[in-house]
Amino acid sequence: MFPARLLAGAPFALVILALSGCSSHWGCTDTTAERGEAGVRVQVEGTSGRPLGVTAEVVDWRLEPHPQVPAEGDKVHFDYRFDGADERSGPAVDACAVDKKRVALGCQRVYSSQAFGPDGDLTGDEWLAVEHPEQVAGVLLIPNDQSHNGRTCEQDIKDGGGPHPPEPASMGDQL
């Protein structure tokens, strides 16, 4: 009689386990967006690949010593602009100094929220340290929005997953 009651309650127990998050078949999936085409002027795109209505642009760049650490030699100093971004919660993109073959010599993230200016035309400047500044042929932006990267399934099986931006660009990447 006991085994029959145990078997009768088994489906109910499985339902409880599934609803509690203890099931290994929760259905969590991660997807990673493909890296967009780098350029001097780019339309920022979300993880779906669709434009966000924001343009990011490298306005100018030059090699010069950083005023706070001039003894370290030349660094890449560049000016950038975000058009159409919200200054509090707008996108972020990776900026990379590249050689003439578009190989990244150094990269860093620039945030529209750190830029300033009137009417959605937000400007800023940043510095990039590269090992061989004499090889720099330009500064390119990668259009993928990097401002939000949610939790992965591995980090949170229940509430994680979904679309994620591509891995950040790094030295040696072909852009």
Side-chain angles (χ1 to χ4, degrees), residues 26-64 66 75-133 135-175:
W26 188 262
C28 187
T29 57
D30 287 306
T31 58
T32 302
E34 290 200 25
R35 183 180 288 169
E37 178 75 24
V40 172
R41 181 181 168 94
V42 297
Q43 292 292 321
V44 181
E45 56 190 53
T47 53
S48 67
R50 292 192 177 131
L52 299 178
V54 175
T55 301
E57 179 180 13
V58 175
V59 178
D60 189 24
W61 72 273
R62 59 220 163 266
L63 294 175
E64 60 188 5
H66 192 289
K75 305 220 183 291
V76 180
H77 186 197
F78 66 99
D79 301 310
Y80 62 91
R81 176 175 52 225
F82 283 92
D83 292 324
D86 179 328
E87 60 186 34
R88 288 180 300 283
S89 61
V93 295
D94 288 338
C96 298
V98 297
D99 67 12
K100 61 185 174 185
K101 294 181 181 177
R102 295 175 59 111
V103 173
L105 302 172
C107 300
Q108 79 174 47
R109 188 147 304 146
V110 292
Y111 296 84
S112 63
S113 60
Q114 293 177 337
F116 54 90
D119 304 323
D121 186 16
L122 307 174
T123 60
D125 72 302
E126 286 293 339
W127 297 82
L128 273 168
V130 296
E131 194 171 325
H132 298 285
Q135 294 178 358
V136 175
V139 177
L140 301 178
L141 301 173
I142 299 171
N144 305 89
D145 181 13
Q146 296 281 351
S147 65
H148 177 73
N149 191 3
R151 299 177 61 79
T152 64
C153 293
E154 186 176 305
Q155 294 167 325
D156 186 346
I157 190 77
K158 185 178 168 205
D159 296 322
H164 301 281
E167 288 295 316
S170 60
M171 188 167 63
D173 286 358
Q174 178 73 50
L175 303 179

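Treat the numbers as computed from the prediction; the structure is a model and nothing was measured.
- Taken to the nearest 0.5 Å, the CZ atom of Arg50 stands 15.0 Å off from the CG atom of Asp145.
- Around atom CD of Gln135, more than 12 heavy atoms belonging to other residues, nucleotides or ligands sit under 6.0 Å away.
- Note that CG of Leu105 is 8.5 Å distant from CE of Met171, once rounded to the nearest 0.5 Å.
- Taking the six-membered ring for Trp and thresholds of 30 and 60 degrees, Tyr80 and Phe82 have ring planes more than 60 degrees apart, a perpendicular arrangement.
- Asp83 places a side-chain heavy atom less than 4.5 Å from the side chain of Arg41.
- In this structure, CG on Asp94 lies 12.0 Å from CG on Leu140, to the nearest 0.5 angstrom.
- The heavy-atom pair separating Pro133 from Leu63 by the smallest distance is O-CD1, 3.3 Å.
- Atom-to-atom distance recorded for Gln43:CD and Leu141:CG is 12.0 Å, nearest 0.5 angstrom.
- The closest side-chain heavy-atom distance from Asp79 to Arg62 is below 4.5 Å.
- Heavy atoms only, all atoms of each residue included: Glu45 and Gly36 are closest at OE2-CA, 4.1 Å.
- The local environment of CD in Gln174 is crowded, with over 12 non-hydrogen atoms from other residues, nucleotides or ligands closer than 6.0 Å.
- Aromatic ring orientation, His66 versus Trp127: tilted (interplanar angle from 30° to 60°).
- Inter-residue side-chain proximity for Val44 and Thr55 is flagged as unmet; no heavy-atom pair is nearer than 4.5 Å.
- When side chains are defined from C-beta on, Trp61 does not count as touching Leu128, because their heavy atoms never get closer than 4.5 Å.
- The OG1 atom of Thr123 lies 5.0 Å from the CZ atom of Phe116; values are rounded to the nearest 0.5 Å.
- Annotation: the span from Glu126 atom CD to Lys75 atom NZ amounts to 13.5 Å, rounded to 0.5 Å.
- Counting heavy atoms from C-beta outward, Val54 and Ser112 have side chains that stay 4.5 Å or more apart.
- Ala104 and Leu175 get closest at one heavy-atom pair: CB-CD1, 4.2 Å.
- If you run salt bridge (Lys or Arg N to Asp or Glu O under 4.0 Å) between Asp173 and each of Arg35, Arg102, Lys101, only Arg35 comes through.
- Side-chain atoms of Thr47 do not come within 3.5 Å of backbone N or O of Ala33 as any donor-acceptor pair.
- Counting heavy atoms from C-beta outward, Ile142 and Val93 have side chains that stay 4.5 Å or more apart.
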